[in-house]
Each structure stands twice: as structure tokens, then as C-alpha cells.
Amino acid sequence: MTEDQQKFMRIAIALANTGMEAGNGGPFGCVIVKEGKVIGQGSNMVLNTNDPTAHAEVVAIRDSCKNLNNFQLEGCEVYTSCEPCPMCLGAIFWARPARVFYACTKEDAADAGFDDDFIYQEIKLKPAERAIPMFPLLREESLKAFEIWKEKGDKTLY
């Protein structure tokens with residue numbers, strides 16, 4: 001690890017602590033860096049916003065994309081105080097940064113009461129067998145939108 005990488009991770013860790021102490025949510029922080037500069041940051045805001053998706057990484061991705069005026073984080077590095085949960089991992093992959101650095105592990109998070117393993121287990125199940133059952137409905141009608149999308153000449157792929 002370089003000194004700069006350590007510096008950025010320390011910022012993420014500080015965000016985790018200040019956000020938690022402010023009562024915003026759990027002890028999670030994230031900064032996103034491009035070309036050696038912080039372009040976005042966030043701490044867990046779940047309790048502050050009553051938004052279950054307001055995890056530090058999602059908050060930081062939203063902030064960074066707004067600041068870059070782009071929905072991709074090409075060439076960026078993500079520094080997060082903890083290994084991303086399944087939702088944040090998905091958001092990171094959609095944002096397509098170059099790499100991710102994390103401090104604590106998902107096992108550390110589980111030991112603190114943030115156990116995401118049940119989500120990984122649920123993903124493996126058939127939708128109807130999940131703890132929150134999921135059922136297909138009106139697929140044929142919905143497929144029409146995909147057909148239009150496939151033919152759309154001015155679409156932006158992401």
C-alpha cells in the first residue's frame with residue numbers, strides 16, 4: 001500500500017466514525033478517488049434518511065457520479081471502511097471503478113451485528129423459495145419494453 005492509499009482509507013475510516021457518532025447509521029465510510037483526488041464521499045446514512053439503500057458506498061457513488069456528471073466511475077478507486085455488502089457490491093460493479101480497497105472484512109461486520117451472509121444464501125435459492133418469496137407476473141407484457149430497447153438506435157449502454 002502506498003502512503004496515498006493509506007491516506008484515503010483513513011479518510012473513509014474517519015467518515016465511518018463521524019457518521020456513526022452523529023447517529024446517521026452504522027460505522028461505515030467510503031471515499032472515491034480519481035487521479036489522486038477525492039471526487040466523492042459518504043458515510044452510512046440509513047438512519048438519518050430512513051433509506052435502507054443509503055450505505056456509505058452507495059452515498060459515495062451517488063456523490064461521485066454527480067460530481068463527475070457521469071454514471072460510471074471509470075479510472076476511479078473506491079476506499080471503503082468495510083468489505084462491501086451484496087447491495088454495495090452490486091452498485092460498485094454497475095459503477096465500474098478500476099479497483100476497491102476495504103479495511104474491515106464482512107466477518108468483522110458480522111461480529112458487530114451486520115451479518116449479510118443471509119443475503120448471499122438467499123441469492124442461491126429459487127425466487128419463490130426465498131424468505132421474501134418472489135413470483136413472476138405479466139412477463140409477456142413487460143418483454144415489450146425490452147424489444148423496444150433492443151431496437152432503440154440512440155440508447156446508451158451501461
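FYI, the numbering just counts along the sequence from 1.
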Please walk me through it: do Y79 and Y102 pass ring-ring contact (aromatic ring centres under 6.0 Å, His included)?
CA-CA 6 Å; Y79 293 83; Y102 62 92; over 10 Å; no
Atom pair [atom1]/[atom2] of [X] and [Y] - distance to nearest 0.5 Å:
| X | Y | atom1 | atom2 | answer |
| --- | --- | --- | --- | --- |
| R130 | F135 | CZ | CZ | 11.0 Å |
| Q6 | M1 | CD | CE | 8.0 Å |
| F71 | R96 | CZ | CZ | 8.0 Å |
| I148 | K144 | CD1 | NZ | 9.0 Å |
| T2 | Q5 | OG1 | CD | 3.5 Å |
| E57 | S64 | CD | OG | 11.5 Å |

Once salt bridge (charged side-chain N to carboxylate O under 4.0 Å, His left out) is applied, do any residues pair with R99, and if so which ones, sequence neighbours excluded?
E77
Qualifying residues under salt bridge (charged side-chain N to carboxylate O under 4.0 Å, His left out), relative to K150, sequence neighbours excluded
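Once residues adjacent in sequence are excluded, the partners of K150 under the salt bridge (charged side-chain N to carboxylate O under 4.0 Å, His left out) criterion are E147.
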Could you tell me if K106 sits above the aromatic ring of Y120, with its cationic atom closer than 6.0 Å to the ring centre and no more than 45 degrees from the axis?
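Flagged: K106 positioned over aromatic ring of Y120.
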Are M87 and V46 linked, directly or through intermediate hydrophobic residues, by side-chain heavy-atom contacts shorter than 4.5 Å (ILVMFWY only)?
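No; M87 is not reachable from V46 via cluster members.
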Tell me whether F28 is reachable from M45 by hopping between hydrophobic residues (I, L, V, M, F, W, Y) whose side-chain heavy atoms are closer than 4.5 Å.
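Unlinked, M45 and F28 end up in two clusters.
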Is a side-chain donor or acceptor of [X] paired with a backbone partner of [Y] at a separation under 3.5 angstrom?
| X | Y | answer |
| --- | --- | --- |
| S142 | L138 | no |
| D115 | D111 | no |
| S81 | G29 | yes |

Contact list for residues 19-42, test side-chain hydrogen bond (donor to acceptor under 3.5 Å, both in side chains), sequence neighbours left out
N24-N48
Shortest non-hydrogen contact from C88 toward V58
SG-CG2, 4.1 Å
In short, G42 meets V59 closest at the heavy-atom pair CA-CG1, 3.7 Å
C104: partners by side-chain contact (heavy atoms from CB on, under 4.5 Å), with sequence neighbours left out
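Checked C104 against side-chain contact (heavy atoms from CB on, under 4.5 Å); matches are C82, D108.
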According to side-chain contact (heavy atoms from CB on, under 4.5 Å), who are the partners of K155, at least two apart in sequence or on a separate chain?
W149, K152, L157
Ignoring hydrogens and angles, state whether a donor on the side chain of E83 or T105 is under 3.5 Å from an acceptor on the partner side chain.
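No, T105 and E83 have no side-chain donor paired with an acceptor closer than 3.5 Å.
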Distance-only donor-acceptor check, side chains T53 and D51, under 3.5 Å:
yes
Tell me who clusters with V78, hydrophobic residues only, linked when side chains sit under 4.5 Å apart either directly or through other members.
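Once heavy-atom contacts under 4.5 Å are chained together, V78 belongs with I32, I39, I61, L68, L73, I92, V100.
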